[in-house]
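All remarks here apply to the structure that follows.
Excluded from the calculations below are hydrogen atoms, water molecules and symmetry mates; all remaining heavy atoms, backbone and side chain alike, are included. Here the structure is a predicted model, which means the values were calculated and not measured. Within every chain, numbering begins at 1; the chains are lettered A, B, ... in the order of the sequence lines, protein sequences first and strands thereafter.
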Amino acid sequence: MLDIKFIRENPDVVKTAVKNKNIKLDVDLLLKIDMELLNVKNLIQNLSEEKNRLSLEIRNNNEEAKTRALEVKVLIKENEEALKEKEQEFKKMMLLTPTIPSEEVPIGIDASFNVVTKKFGEIRKFDFKPKSHIELLDINDLAEFNKITKICGSRTLALKNNLARLEMALWQFTYDILFEKGFTLFNLPSVVFEEALYGTGHFPNEIENTYALPKDKQYLTGTAEVVLNGIHKDEILNEDDLPIKYAGFSPCFRREAGSYGKDIKGLIRVHQFMKVEQFIITKNDLEESEKMYQFLLNNTEELLQKLKIPYQIIMCSTGDMGVGKYKMQDVECYLPSENRYIETHSCSNLHEFQARRTNIRYRENKTNKVKFVHTLNNTGLATPRILAAIIENYQERDGKIKIPEALRPYLRNLEWL
RNA sequence: GGAGAGGUGGCAGAGUGGUCGAAUGCGGCAGACUCGAAAUCUGUUGUUGGAUUUACUUUCAACCGAGGGUUCGAAUCCCUCCCUCUCCGCCA
């Protein structure tokens, strides 16, 4: 969501962003409605002024004023009805207004325009044909698929035995690192009101991908970002308290609508998973928020480097990065069995987008003015997806799986899964 | 699930139909005193939108959980929803 004033003054910039991000939004129509809205608002304000004046006179038993007041009342009501209609239309369109992407972002309508910006870690040369993580899970009795699917539906699974322990170890490992980096840790709920999802920008676009609890008018979140972003809703923060660094651990739910046939088996794409999300609230300052962005990205790299998993970083193109994003980079881990990289992390700077929707502001010390904060987020770690990369990269010829050294302290120095 | 109480400015807390955007206290900010600090004293202290202006300058409107209603006029009365608290019941 953008500032309407910015849209009025820079319609062409907005139109370009709309086009590059492949968004269905008629900017000219939005501006037309904006004008109409202003007119109605002015009219109502004038009537309200009159109403207030008349009320004072009525206290002095002015009968004429009372007659006029009744007329004004009707006029206000009529105009308010017109206002409400236009406002709804306006809000709907405003929710679709995109953040203007950074100049670093490649322009293109889909993922095919993404660019690899970094590769790290040596890809292991196997002297045997690496097995898929699905095979390895089976050999080592580390997961249950079919029996669980019968009970819970497609794209569900259970981690078993030492893999279940490894998952827990990963959480400890991730939390330790983020805590040392100054993050406030939250173990969070995943049930929210729709308001929170509009706040992050997941709604309206992601409604189809979100589990609903209609009886309670609530939804299951697909990321802890939703709750973390909502924590400071409607607040005016002190500049001195920024940046705020939150790490949230929560179950995540995604319907994966429209992804039929994609990564059906295994640990890659499931309906319910666990994730630690990094979330930062910072000043409305390009330099500062870029600094925080690099911080978030570095944290992820550090984690993966400690786990010794080869990865690459992708700069997402305009069409692949979502309405609200200024800049987004995915971190992808190497999967030996398929000789490809799979997305395990996604780092985003949303500028004011979420702050506007959620009304999170701060008072700037220098000017004493109230400004919208910038919000940023990046995956800390998500399972089971990352487990696929760990298992495959750490496999041996006989199908045994080594445990990354960084995790062993959390597993009583266990060496093999 | 049943019964009751309540949601007001950064916080605490008054206000139950008419200059109430809201008393008071705390906190914050500025100043005085001080070598400096504390204490004390003085002043100041919400957001959003419109118009106006050299200037947050002046002015108007809106906002007291959210949305509706009654009234010339609502923080105050009525309805719905959300949230919080207390007691009872149930329960991981």
Side-chain angles (χ1 to χ4, degrees), chain A residues 1-9 30-31 33-95 97 187-199 203 212-221 226-227 229-242 244 250-251 281 284 352 355-373:
Chain A
M1 190 153 77
L2 292 168
D3 185 353
I4 185 62
K5 284 182 189 159
F6 177 84
I7 303 173
R8 281 177 204 147
E9 285 160 20
L30 174 68
L31 287 169
I33 292 173
D34 172 48
M35 277 294 292
E36 293 170 356
L37 210 52
L38 270 179
N39 289 338
V40 183
K41 276 184 183 165
N42 281 332
L43 194 62
I44 290 176
Q45 179 170 337
N46 291 339
L47 289 167
S48 296
E49 279 170 26
E50 189 177 354
K51 179 192 81 175
N52 291 344
R53 254 183 283 125
L54 290 167
S55 282
L56 284 176
E57 289 188 31
I58 288 170
R59 293 175 68 188
N60 304 326
N61 294 318
N62 182 334
E63 281 304 312
E64 267 173 53
K66 190 153 184 178
T67 316
R68 175 61 187 157
L70 279 163
E71 287 169 22
V72 171
K73 192 181 172 183
V74 173
L75 284 173
I76 289 179
K77 196 165 179 184
E78 280 172 10
N79 281 294
E80 268 176 352
E81 272 161 25
L83 176 79
K84 218 157 67 183
E85 256 177 57
K86 283 217 191 328
E87 219 160 35
Q88 266 172 10
E89 220 177 320
F90 180 72
K91 274 184 187 157
K92 226 172 164 179
M93 293 181 92
M94 281 300 279
L95 287 175
T97 56
N187 290 356
L188 293 167
S190 304
V191 180
V192 298
F193 292 116
E194 66 171 6
E195 215 184 1
L197 289 151
Y198 277 105
F203 278 16
L213 308 168
K215 203 170 173 185
D216 300 289
K217 292 186 187 155
Q218 289 174 314
Y219 295 84
L220 297 178
T221 54
V226 178
V227 176
N229 177 65
I231 286 178
H232 293 289
K233 182 175 161 56
D234 292 325
E235 290 187 15
I236 299 175
L237 303 161
N238 292 323
E239 184 178 331
D240 296 339
D241 294 336
L242 304 178
I244 291 172
S250 78
I281 298 174
N284 196 321
E352 303 176 6
R356 282 188 178 278
R357 292 170 168 245
T358 315
N359 196 27
I360 310 170
R361 296 167 298 170
Y362 72 105
R363 195 177 299 280
E364 193 176 63
N365 289 334
K366 203 167 61 186
T367 57
N368 211 32
K369 284 202 169 141
V370 175
K371 291 191 164 182
F372 284 104
V373 298

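Proximity of a side-chain donor or acceptor of Thr221(A) to a complementary backbone N or O of Val226(A) within less than 3.5 Å is not detected. A side-chain donor-acceptor contact under 3.5 Å links Thr67(A) to the backbone of Glu63(A).
Dashed line: the shortest gap from a side-chain N or O of Lys66(A) to OP1 or OP2 of G73(B) is not under 4.0 Å. The side chain of Lys73(A) contributes an N or O atom lying less than 4.0 Å from OP1 or OP2 of C72(B). Distances shown here put a side-chain N or O of Arg363(A) below 4.0 Å from the OP1 or OP2 atom of U47(B).
U45(B) and A23(B) have their C1' atoms separated by 16 Å, with the value rounded to a whole Å. Between C83(B) and C29(B), the distance separating the two C1' atoms is 33 Å to the nearest Å. Comparing A74(B) with U58(B), their P atoms are spaced 28 Å from each other, to the whole Å. Atom P of G21(B) sits at a distance of 12 Å from the matching atom of C60(B), rounded to the whole Å. A distance of about 13 Å separates the P atoms of A22(B) and A62(B), rounded to the whole Å. Using atom C1' as the reference point in both C64(B) and G10(B), the two lie 16 Å apart (nearest Å). Atom name C1', nucleotides G9(B) and U40(B): the rounded distance is 27 Å, in whole Å. Nucleotides G69(B) and U76(B) are separated by 15 Å at their C1' atoms, to the nearest Å.
For Arg361(A) and Lys5(A), each mapped to the nucleotide of RNA chain B holding its nearest heavy atom, the one lying further toward the 5' end belongs to Arg361(A). With the nearest nucleotide of RNA chain B identified for both Ala65(A) and Leu38(A), Leu38(A) has the one nearer the 5' end.
Across all strands shown, A74(B) has no partner, as no Watson-Crick or G-U wobble contact with both distances under 3.5 Å is found.
Counting only heavy atoms from C-beta on, Ser55(A) has its side chain closest to G73(B) among A62(B), G73(B), U48(B). Looking at the side chain of Lys84(A), the nearest of the listed nucleotides C72(B), G68(B), A61(B) is G68(B). Residue Val370(A) has its side chain nearest to U47(B) when only A61(B), C72(B), U47(B) are considered. Of the candidates C60(B), G50(B), A74(B), the closest approach to any side-chain atom of Asn42(A) belongs to G50(B). Candidate nucleotides U71(B), U19(B), C60(B) were compared by shortest atom distance to the side chain of Arg59(A), and U19(B) ranks first. Side chain of Phe193(A), nearest nucleotide from C83(B), A74(B), U47(B): C83(B). Taking every side-chain heavy atom of Lys77(A) into account, G69(B) is the closest of U48(B), C60(B), G69(B).
Partner Ile244(A) forms a side chain to side chain contact (heavy atoms under 4.5 Å, CB included) with one of Ile231(A), Val373(A), Leu237(A) and no other, that one being Leu237(A).
One interatomic measurement links the two molecules: NZ of Lys217(A) to P of U80(B), which rounds to 14 Å at whole-angstrom precision. Here G49(B) presents its P atom at 18 Å from CG of Asn39(A), a figure rounded to the nearest Å.
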Side chains of residues 356-366 of chain A: which donor-acceptor pairs under 3.5 Å do they make with residues two or more places apart or in other chains?
{"from": "Arg356(A)", "atom 1": "NE", "to": "Glu352(A)", "atom 2": "OE1", "distance (Å)": "2.8"}
{"from": "Arg356(A)", "atom 1": "NH2", "to": "Glu352(A)", "atom 2": "OE1", "distance (Å)": "2.9"}
{"from": "Arg357(A)", "atom 1": "NH1", "to": "Tyr198(A)", "atom 2": "O", "distance (Å)": "2.8"}
{"from": "Arg357(A)", "atom 1": "NH1", "to": "Phe203(A)", "atom 2": "O", "distance (Å)": "3.2"}
{"from": "Arg357(A)", "atom 1": "NH2", "to": "Leu95(A)", "atom 2": "O", "distance (Å)": "2.3"}
{"from": "Thr358(A)", "atom 1": "OG1", "to": "Gly199(A)", "atom 2": "O", "distance (Å)": "3.1"}
{"from": "Thr358(A)", "atom 1": "OG1", "to": "Asn229(A)", "atom 2": "ND2", "distance (Å)": "2.8"}
{"from": "Thr358(A)", "atom 1": "OG1", "to": "Gln354(A)", "atom 2": "O", "distance (Å)": "2.8"}
{"from": "Asn359(A)", "atom 1": "OD1", "to": "Arg361(A)", "atom 2": "NE", "distance (Å)": "3.1"}
{"from": "Asn359(A)", "atom 1": "ND2", "to": "Asp234(A)", "atom 2": "OD1", "distance (Å)": "3.1"}
{"from": "Tyr362(A)", "atom 1": "OH", "to": "Asn284(A)", "atom 2": "N", "distance (Å)": "3.0"}
{"from": "Arg363(A)", "atom 1": "NH1", "to": "Asn368(A)", "atom 2": "O", "distance (Å)": "3.4"}
{"from": "Glu364(A)", "atom 1": "OE1", "to": "Thr367(A)", "atom 2": "OG1", "distance (Å)": "2.6"}
{"from": "Glu364(A)", "atom 1": "OE2", "to": "Lys371(A)", "atom 2": "NZ", "distance (Å)": "3.2"}
{"from": "Asn365(A)", "atom 1": "ND2", "to": "Asp240(A)", "atom 2": "OD1", "distance (Å)": "2.9"}

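At a threshold of 4.0 angstrom between heavy atoms, the contacts of Leu70(A) are confined to the sugar-phosphate backbone, with no base atom among them. Contacts of Asn52(A) with the nucleic acid, taken as non-hydrogen atoms under 4.0 Å apart, involve only primed sugar atoms and P, OP1 or OP2.
Under the 4.0 Å criterion applied to side-chain N and carboxylate O atoms, Arg68(A) and Glu71(A) are assigned as salt-bridge partners.
Counting atom types as modelled, Gln45(A) pairs a side-chain N or O with a base atom of C60(B) as donor and acceptor under 3.5 Å.
Side-chain contact between Arg8(A) and Asp3(A) is absent, with no heavy atoms from C-beta onward closer than 4.5 Å.
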